[in-house]
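See below for the structure under consideration.
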Amino acid sequence: MSLPNDWWRLDATAQAALVREGVTTPSALVEAALTRVEALNPAINAVVTPLSEVAREFVAALPADDRPFRGVPILLKDGGEELAGTRYTIGTPVLRDLDYRSPRTTEFVRRILVAGFVPIGKTNLPELSSGLTTEPAAFGATRNPWDLGRTAGGSSGGSAAAVAAGFVPIALGSDATGSLRVPAAVCGVATLRPTPGRVPTAIPAEQQSDVWSGFALSRSVRDLAGLFALVANDARTSAPLAALRVALLDHDADHRAEVAPACATAVAAVGRALGALGHEVGAEPPAALPGFMQRIVPALMPTIGAAREVQLRWLERTIGRPLAVGDLAQD
């Protein structure tokens with residue numbers, strides 16, 4: 001059994017079909033992914049903790065059953081979600097230097113394992129998963145596969161870059177204020193930020209938050225839909241939506257950024273699709289949208305400060321001592 005030459009372009013749904021149809025095996029898929037990571041990751045720096053032997057152990061133990069994503073390789077963001085016995089750093093020098101190992105497997109990861117995915121590594125993220133670029137001092141910057149001189153975004157930048165580079169068809173990430181959406185946009189991959197609580201989410205450094213939401217980045221929307229159906233806390237079919245009022249935004253409301261014509265075309269296509277579904281679609285954005293970010297940034301600062309304090313105390317409990325100079329790169 002062999003893989004097609006363009007296997008790395010296939011989404012998770014297509015890769016699972018190759019296994020299900022007997023075209024290839026989970027072992028062949030995982031080994032191909034590991035080889036691709038080894039060859040390309042030095043330039044991109046998306047994967048900071050390879051899990052080659054762990055992946056092979058998972059493949060060896062994988063039952064020959066009908067799991068929907070049986071044998072498909074996946075990467076885990078190294079913040080929030082954990083896999084027992086593997087290195088966990090949240091992008092910090094102190095946990096990296098201690099070679100800290102997760103004592104547990106979090107629920108979201110457990111559910112992807114049940115679905116048949118095989119974890120092959122962990123991806124880069126900004127320190128404490130806080131930032132819209134991925135440039136931690138502990139591991140260095142993740143580069144955008146489309147242009148190595150550009151950012152991969154953050155905080156799920158390592159996962160987005162890995163999917164864009166074809167390391168894996170899908171990778172886990174998380175989002176509070178854009179950490180899935182920003183890297184997906186700049187790396188050209190698909191994502192979905194579920195409503196908080198719909199997918200089991202472990203918060204990085206255990207800070208309590210009603211805005212964190214864990215999910216994934218993928219090569220296709222159908223992967224996201226398939227994964228969501230498997231891992232969501234309530235998998236019942238949603239009731240049909242009543243007609244919504246939808247405002248299309250095909251320009252920067254503050255008139256600061258140029259919008260690519262292809263993006264404006266895509267927005268128009270979405271508008272037509274929504275109209276065909278019976279929704280009321282208009283071209284005028286809400287009057288409060290211009291200047292929105294400038295108004296909310298001052299309110300974010302106290303929230304961010306409180307969250308950081310919780311993270312620092314979690315780190316101290318985890319390492320068993322007060323934090324010292326050099327434990328973190330951020331002040």
Side-chain angles (χ1 to χ4, degrees), residues 34 37-38 41-42 44-55 74-109 112 119-143 151-163 167-168 171-176 179-180 183 201-207 209 212 214 216-217 307-331:
L34 291 172
V37 171
E38 184 178 5
N41 193 59
I44 298 170
N45 195 35
V47 178
V48 294
T49 301
L51 297 175
S52 304
E53 293 310 311
V54 170
I74 194 169
L75 286 162
L76 315 179
K77 180 181 178 181
D78 193 25
E81 305 304 338
E82 300 183 52
L83 180 63
T86 62
R87 186 174 74 166
Y88 182 61
T89 73
I90 326 179
T92 63
V94 62
L95 294 183
R96 177 203 62 191
D97 294 345
L98 289 172
D99 194 30
Y100 176 74
R101 303 280 163 155
S102 290
R104 60 172 182 164
T105 294
T106 51
E107 179 61 17
F108 187 11
V109 174
I112 68 163
I120 68 166
K122 297 190 177 183
T123 59
N124 205 5
L125 74 169
E127 188 173 275
L128 293 174
S129 197
S130 177
L132 293 180
T133 63
T134 299
E135 306 171 75
F139 296 104
T142 293
R143 301 169 185 86
T151 182
S155 64
S156 306
S159 290
V163 171
F167 293 178
V168 291
L172 298 194
S174 55
D175 187 313
S179 290
L180 282 166
T201 301
I203 311 302
E206 294 187 355
Q207 67 184 84
S209 172
W212 275 98
L217 304 105
R308 177 53 51 86
E309 184 66 21
V310 172
Q311 290 180 321
L312 298 181
R313 301 294 78 77
W314 176 87
L315 272 173
E316 290 182 332
R317 292 195 303 274
T318 299
I319 66 177
R321 61 168 174 79
L323 290 167
V325 174
D327 286 341
L328 295 174
Q330 299 181 19
D331 293 334

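Predicted, not measured: the structure shown is a model, and the values here were computed from it. Numbers for residues simply follow the sequence, beginning at 1.
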Heavy-atom closest pair, residues S155 and P126: O-CD, 3.2 Å
Value rounded to 0.5 Å, distance of CG in D78 from OG1 in T89: 3.5 Å
Hey, is the main chain of A46 close enough, under 3.5 Å, to the side chain of N41 for a donor-acceptor pair? yes
Enter the distance from E82:CD to I90:CD1 here, rounded to the nearest 0.5 Å. 7.5 Å
The reported gap from OG1 in T123 to CG in L172 (rounded to nearest 0.5 angstrom) is 8.0 Å
Please report the shortest heavy-atom distance between T86 and L83, naming the atom on each side. OG1-O, 2.6 Å
May I ask you to decide if the ring planes of Y88 and Y100 are parallel, tilted or perpendicular, using 30° and 60° as cut-offs? tilted
Looking only at heavy atoms, the pair that brings E127 and P93 closest together is OE1-CD, 3.4 Å
Just checking, is any N or O donor in the side chain of E81 or T106 under 3.5 Å from an acceptor N or O on the other one? yes
CH2 of W212 to OG1 of T201: how many Å apart, nearest 0.5 Å? 9.5 Å
Got a donor-acceptor contact below 3.5 angstrom from the T105 side chain to the A84 backbone? yes
Evaluate the criterion side chain to side chain contact (heavy atoms under 4.5 Å, CB included) for residue pair L51 and I120; output intermediate values, then yes/no. CA-CA 5 Å; L51 297 175; I120 68 166; 5.7 Å; no
Any side-chain to backbone donor/acceptor pair from R87 onto K122? Under 3.5 Å, distance only. no
Given L95 and I319, is the side chain to side chain contact (heavy atoms under 4.5 Å, CB included) satisfied, shown in steps? CA-CA 8 Å; L95 294 183; I319 66 177; 4.0 Å; yes
Where A202 and R104 come nearest, the two heavy atoms and their spacing: CB-NH2, 4.2 Å
Gap between atom CD of E135 and atom CZ of R143 - 0.5 Å precision: 10.0 Å
Is it true that, when you exclude E316 itself, more than 12 heavy atoms of the residues, nucleotides or ligands shown sit nearer than 6.0 Å to its CD? yes
Can you tell which of T133, T134, N45, N124 makes a side chain to side chain donor-acceptor pair (under 3.5 Å) with T142? N124
Nearest heavy-atom neighbours spanning I44 and F167: CD1-CZ, 4.0 Å
Take D327 and L315 through the side chain to side chain contact (heavy atoms under 4.5 Å, CB included) test and state the conclusion after the steps. CA-CA 10 Å; D327 286 341; L315 272 173; over 6 Å; no
Taking C-beta and beyond as the side chain, do I74 and V168 meet within less than 4.5 Å on heavy atoms? no
Identified side chain to side chain donor-acceptor pair (under 3.5 Å) partner of K77 from the options S174, S179, S159: S174
Report the C-alpha separation of L76 and I112 in whole Å, then their side-chain angles, then the decisive distance to 0.1 Å, and conclude whether the side chain to side chain contact (heavy atoms under 4.5 Å, CB included) test is met. CA-CA 10 Å; L76 315 179; I112 68 163; 3.8 Å; yes
Which atom of V47 lies closest to which atom of G121, heavy atoms considered: CG1-CA, 4.5 Å
